[in-house]
Amino acid sequence: MFCLKSHLPNHVIAPLEELGMTYEVYTEVVPEPPLAVGEKLVAFTRDNHFDAVIGIGGGSALDLSKLAGVLSQHEGLVADYLNLTGSRQVTHKGLPTILIPTTSGTGSEVTNISVLALETTKDVVAHDALIADVAIVDPELTMSLPPKVTAATGADALTHAIEAYVSKFASPVSDALALQAIRLISASIRTAVHQGDNKEARTKMSYGSYLAGLAFFNAGVAGVHGLAYPLGGQFHLAHGESNAVLLPYVMGYIRSSCEERMKDIYEAMGFSPSGMSQTEASQACVRELKRLVEDINIPSTLQEFSIPKEAIQSLTDDAILQTRILARSPLKLELEDIFTIYAAAYEGKVVEKGEK
């Protein structure tokens, strides 16, 4: 038995000890884990012949737990299984895996991907074998999260729901999950950030994150995530913050391709579109997304993250490679579009497709 996290809650350890189980605690987990961290963990899991994996922590810990559970039961390196460059395929289920998130944001406990940082971007191992056998979502475990982490992970969850709702692969099932996630997160994220001990807000955030995870597991994410990956790879910007700073600029740029759905999102965020045209409501939605990011104290431009203007081209060159993700965007994003979005996020000015 093997767990990820340095300070394990007693109500997780006690049942294991009562059953006479032995376990190892693996703590060499870092945010935005590099490929080398994944390789080391998979090797550790293979060498110790564990019977199961329990992952406890944020998205990085959960992603690594899924990776360890599956690839420890396969041959080769983790690099061999990467989506963009790998030559091997996952073929079978791995060790039984239980995932317990301590943040409200990543949705990793209910998805089939593990994200790893490369030299300048990110890649994933994706296969249904990575789906956990059990996911335990307990809002109590999020109560001690500091405001900055609450904001970043909450913005990540909101992005999951929004991108799933406008995805080309959305369905009635993912739509229902995504809209309810948007309602819960929009109604609670500000309180959770600024009043971290508010149990009602924390509970809504936990449910919202869980539903958002299910939504994007079914429909996928798109442009925001595709452009966020290079920010993490090149500048080690936290994933949630990368999504948050890009969210209004990507959604503003693609707005005309999904006006009706943006109107739905605006309503799910708690606003009335009464008296507005579809165009007006979708534009108001973009403004509210930008305001929400500012309200939870996440910088609203790339400049504020000290991203240099000259990096826009290299970010663009890396983002266009995320073909699996970009394929879900309701507006096809070409190289010029991506460059324009990054430039808008740098300047802090939302632009739409076709604007100069």
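Excluded from the calculations below are hydrogen atoms, water molecules and symmetry mates; all remaining heavy atoms, backbone and side chain alike, are included.
For Phe235, the side chain to side chain contact (heavy atoms under 4.5 Å, CB included) partners at least two apart in sequence or on another chain are Ile307, Pro308, Ala311, Leu315. Under the side chain to side chain contact (heavy atoms under 4.5 Å, CB included) criterion, Val245 pairs with Leu231, Leu302, Phe305, sequence neighbours left out. Applying the side chain to side chain contact (heavy atoms under 4.5 Å, CB included) criterion to Arg328, with sequence neighbours excluded, gives Ser167, Phe169, Val221, Ala222, Arg324, Ile325. Contacts of Tyr165 classified as ring pair (Phe, Tyr, Trp, His ring centres under 6.0 Å), with partners at least two apart in sequence or in another chain: none. Applying the ring pair (Phe, Tyr, Trp, His ring centres under 6.0 Å) test to Phe271 and every residue at least two apart in sequence or in another chain returns Tyr266. When the salt bridge (Lys or Arg N to Asp or Glu O under 4.0 Å) test is applied to Asp264, no partner is found at least two apart in sequence or on another chain. With sequence neighbours excluded, the residues forming a ring pair (Phe, Tyr, Trp, His ring centres under 6.0 Å) with His92 are His74, listed by chain and number. Applying the ring pair (Phe, Tyr, Trp, His ring centres under 6.0 Å) criterion to Tyr249, with sequence neighbours excluded, gives no partner residue.
Counting only distance, with no hydrogens or angles, the side chain of Glu304 and the backbone of Ser300 share a donor-acceptor pair below 3.5 Å. For Asn243 (side chain) and Gly240 (main-chain N/O), no donor-acceptor pair under 3.5 Å exists by modelled atom type. Distance alone, capped at 3.5 Å, places no donor-acceptor pair between the Ser65 side chain and the Ile54 backbone. Under the 3.5 Å distance criterion, the side-chain polar atoms of Ser174 are left unmatched by any main-chain donor or acceptor of Ala170. The closest donor-acceptor contact from the side chain of Glu32 to the backbone of His239 lies under 3.5 Å. Judged by distance alone, the side chain of Thr103 and the main-chain N or O of Pro101 form no donor-acceptor pair under 3.5 Å. The backbone N or O of Leu326 sits nowhere less than 3.5 Å from a side-chain atom of Ser329 that would complete a donor-acceptor pair. Listed for the Gln322 side chain is a donor-acceptor partner under 3.5 Å among the backbone atoms of Lys122.
Hydrophobic clustering (side-chain heavy atoms under 4.5 Å, transitive across Ile, Leu, Val, Met, Phe, Trp, Tyr) groups Val166 together with Ile341. No path of Ile, Leu, Val, Met, Phe, Trp and Tyr side chains, each step under 4.5 Å between heavy atoms, connects Leu64 with Val115, placing them in separate hydrophobic clusters. Using a 4.5 Å cut-off between side-chain heavy atoms of Ile, Leu, Val, Met, Phe, Trp and Tyr, with links allowed through other members, Val42 and Val30 fall into the same hydrophobic cluster. Leu214 and Met205 fall into different hydrophobic clusters, where Ile, Leu, Val, Met, Phe, Trp and Tyr are joined by side-chain heavy atoms under 4.5 Å apart, directly or via other members. By the rule that hydrophobic residues join a cluster once side-chain heavy atoms approach within less than 4.5 Å of another member, Phe217 and Leu158 end up as members of separate clusters.
Electrostatic pairing of Lys204 and Glu200 counts as a salt bridge here, judged by a charged N lying under 4.0 Å from a carboxylate O. Using a 4.0 Å cut-off between charged nitrogen and carboxylate oxygen, Glu288 and Arg291 count as a salt-bridge pair. A salt bridge links Lys290 with Glu294: the closest approach of a Lys/Arg side-chain nitrogen to an acidic carboxylate oxygen falls below 4.0 angstrom.
Within the model, atoms CG of Leu95 and OG1 of Thr45 stand 7.5 Å from one another, a figure rounded to the nearest 0.5 Å. Put simply, OG1 on Thr120 and CG on Asp317 are 9.5 Å apart, with the number rounded to the nearest 0.5 Å. Here the CD-CD1 distance, from Glu241 to Ile296, works out to 9.5 Å after rounding to the nearest 0.5 Å. Considering CD of Gln283 and CE of Met262, their distance stands at 9.5 Å, rounded to 0.5 Å.
Applying the side chain to side chain donor-acceptor pair (under 3.5 Å) definition to pairs two or more places apart or across chains, those involving residues 131-154 are Thr150-Arg202. Counting only residues at least two apart or on different chains, the side chain to side chain donor-acceptor pair (under 3.5 Å) pairs with a member in residues 205-219 are Ser104-Ser206. Residue pairs meeting the side chain to side chain donor-acceptor pair (under 3.5 Å) criterion with at least one member in residues 107-118, sequence neighbours excluded: Asp63-Ser108, Lys66-Ser108, Lys66-Thr111, Asn112-Asp128.
Atom NZ of Lys93 has more than 12 neighbouring heavy atoms from other residues, nucleotides or ligands inside a 6.0 Å radius.
Of all non-hydrogen atoms in Leu130 and Val125, the two that sit nearest each other are CD2-O, 3.7 Å.
Its side chain outside the 4.5 Å cluster rule for every partner, Leu77 clusters with none of the Ile, Leu, Val, Met, Phe, Trp and Tyr residues.
When only modelled atom types and interatomic distance are considered, Glu352 and Ser256 share no side-chain donor-acceptor pair under 3.5 Å.
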Could you go through the side-chain hydrogen bond (donor to acceptor under 3.5 Å, both in side chains) check for Gln313 and Tyr342 one step at a time? CA-CA 9 Å; Gln313 187 61 60; Tyr342 278 131; over 6 Å; no

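With Tyr229 as the partner, the side-chain contact (heavy atoms from CB on, under 4.5 Å) test is satisfied by one option alone out of Asp123, Thr121, Asp318: Thr121.
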